[in-house]
Amino acid sequence: MFNQIFNNSKRFVFLILFQVLILNNIQLGGYLNPYLYVLFILMLPFETPKGLLLLLAFLLGISVDMFSNTLGMHAMACVLLAFFRPHIVTYISPRGGYDFGAEPTVKDMGFNWYLSYTGILILAHHILLFNLEVFRLTEFFSTLYRTLLSSLFTLVLVLITHYIISGKKS
Amino acid sequence: MRSIILFIWRNNFIFLFLLFELFSAFLVVQNNSFQRASFLNSSSYIAANLYEAFDSMTGYFGLRKENDRLAIENEKLHAQSIMSYVQYIDNEFIHNDTIYQQQYTYLTARVINNSINRRNNYLTLNKGTNQGVQREMAVISSLGVVGIVKDVSANFSTVLSLLHADSRTSIKILGKDYFGSVIWDGNDFSFGTVKELPTHIVINKGDQIITSGFSTIFPEGLPVGSVEDIEVIAGDKSYTLKIKYSTDFGSLANIYLVSNLLKKEQIHLEDTTRQE
């Protein structure tokens with residue numbers, strides 16, 4: 001239990017720093033931007049109380065907001081992600097339900113499960129975030145295009161980081 | 001009453017979710033209005049200090065380029081200085097010059113954080129109210145216009161870059177007095193758009209775009225960019241110009257903050273006229 005709190009706090013700080021110092025400065029073809037920091041919410045254990053999930057997501061979002069001058073936007077997107085998470089987890093649950101003590105990882109749940117789990121949630125997060133940032137419907141298609149590409153970019157980074165983190169543990 | 005509380009308690013997840021979302025939305029709306037100062041941004045204590053520490057590590061990488069740029073600027077300034085002019089008239093009278101009054105003062109600062117890859121981009125500078133920075137001061141680089149100061153804390157400030165949906169800089173074409181404004185469509189950080197110039201004037205590719213000096217923020221004649229592409233959309237009475245920014249937003253390091261000493265006077269006068 002204590003170990004889990006420690007690990008997650010470490011991840012919280014590391015992901016925010018990595019996001020605001022490195023990833024926010026990356027630009028590929030125009031202004032795509034990967035938001036790897038959502039991995040923190042994705043990696044929280046299944047047993048996390050739902051209320052705590054929302055609170056942590058809000059704190060994560062508002063911290064990133066503070067660094068990127070987008071007050072409230074990341075917070076909104078993260079809270080939405082945290083709200084969807086339990087629903088998605090129930091929706092794509094494997095036959096026979098989740099084993100006790102299982103974690104949302106490739107090792108425990110399999111690659112297909114992990115891909116749809118992260119894919120859907122990242123997409124939801126990015127759609128809200130990019131539209132909030134642009135805040136006008138006249139640029140809808142260019143926003144959609146950027147949203148999809150950035151989601152893909154984030155997804156790839158999430159998968160890579162996931163393998164690095166879980167590879168280190170075993 | 002009891003059943004309402006019970007209902008909320010049973011659906012606490014949804015209500016908690018709505019609560020967080022409403023609060024965040026409130027922050028978004030409050031922060032979006034340009035005129036209001038926000039309290040949590042990158043000029044806040046933690047964020048700004050972290051960025052400054054990171055900049056002091058990574059700042060060395062761009063030194064060569066930055067030095068070249070400053071050297072070129074020095075060269076220009078030397079050419080303009082009084083020492084570079086030959087005096088042809090010997091019997092000159094020395095008098096206390098009251099024809100010229102200083103209107104703009106300049107202050108250097110360092111960019112400690114910068115973004116170009118979002119729809120609305122901001123910079124963070126390492127100077128604040130303690131060093132004399134105020135809101136709505138102009139920010140320029142040695143190459144051209146950069147943006148306008150948005151929020152200021154004691155030792156840091158944030159800048160709304162030209163690469164922002166709310167950015168409108170009043171400009172004119174060098175040598176012609178028609179004016180328009182530059183906006184950013186959000187696609188490429190090197191190009192902006194000018195829409196208000198009428199089609200009956202002649203514009204060529206490569207024409208210089210400079211600030212008009214109409215706003216109380218930017219001095220007249222600062223380079224903004226050059227015309228890259230000219231287009232007239234059918235039915236429009238004005239050009240749609242694609243301009244290449246003269247500032248390289250990708251590699252900003254040292255910038256100048258410009259304050260207009262006569263700004264209050266001008267705004268006060270314009271307000272009085274408008275009210276009548």
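What you see is a predicted model, and the numbers here were worked out from it, not measured in a lab.
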Main-chain N/O of [Y] paired with [X] side-chain donor or acceptor, under 3.5 Å:
| X | Y | answer |
| --- | --- | --- |
| B:Tyr51 | A:Phe67 | yes |
| B:Arg118 | A:Ser68 | yes |
| A:Asn24 | B:Ser115 | no |

Name each donor-acceptor pair under 3.5 Å that joins a side chain in residues 40-63 of chain A to protein atoms two or more places apart or in another chain, with its distance.
| residue | atom | partner | partner atom | Å |
| --- | --- | --- | --- | --- |
| A:Thr48 | OG1 | A:Pro45 | O | 2.6 |
| A:Ser63 | OG | A:Leu59 | O | 2.5 |

Nearest heavy-atom neighbours spanning A:Met73 and B:Val28: N-CG2, 3.5 Å

Proximity breakdown for B:Phe54 and chain A, heavy-atom pairs closer than 4.5 Å: side chain

Toward chain A, the part of B:Asn12 with a non-hydrogen atom under 4.5 Å: neither

Derivation and outcome, side-chain contact (heavy atoms from CB on, under 4.5 Å), residues A:Asn69 and B:Thr158: CA-CA 9 Å; A:Asn69 289 310; B:Thr158 52; 3.8 Å; yes

Verdict with reasoning, B:Ile14 to A:Phe83, per side-chain contact (heavy atoms from CB on, under 4.5 Å): CA-CA 8 Å; B:Ile14 293 174; A:Phe83 176 72; 4.0 Å; yes

Rounded to the nearest 0.5 Å, what separation is found between the [atom1] atom of [X] and the [atom2] atom of [Y]?
| X | Y | atom1 | atom2 | answer |
| --- | --- | --- | --- | --- |
| B:Asn121 | A:Thr70 | CG | OG1 | 11.5 Å |
| B:Leu27 | A:His74 | CG | NE2 | 13.5 Å |
| B:Leu50 | A:Met66 | CG | CE | 8.5 Å |
| B:Glu21 | A:Cys78 | CD | SG | 9.5 Å |
| A:Leu71 | B:Ser24 | CG | OG | 9.0 Å |

Residues, nucleotides or ligands: over 12 heavy atoms within 6.0 Å of A:Tyr145 OH: no

Contacts of residues 13-21 of chain A with chain B (heavy atom under 4.5 Å): A:Leu17, A:Val20, A:Leu21

Criterion side-chain contact (heavy atoms from CB on, under 4.5 Å) on A:His87 and B:Phe13, from CA distance to verdict: CA-CA 12 Å; A:His87 296 286; B:Phe13 184 50; 4.1 Å; yes

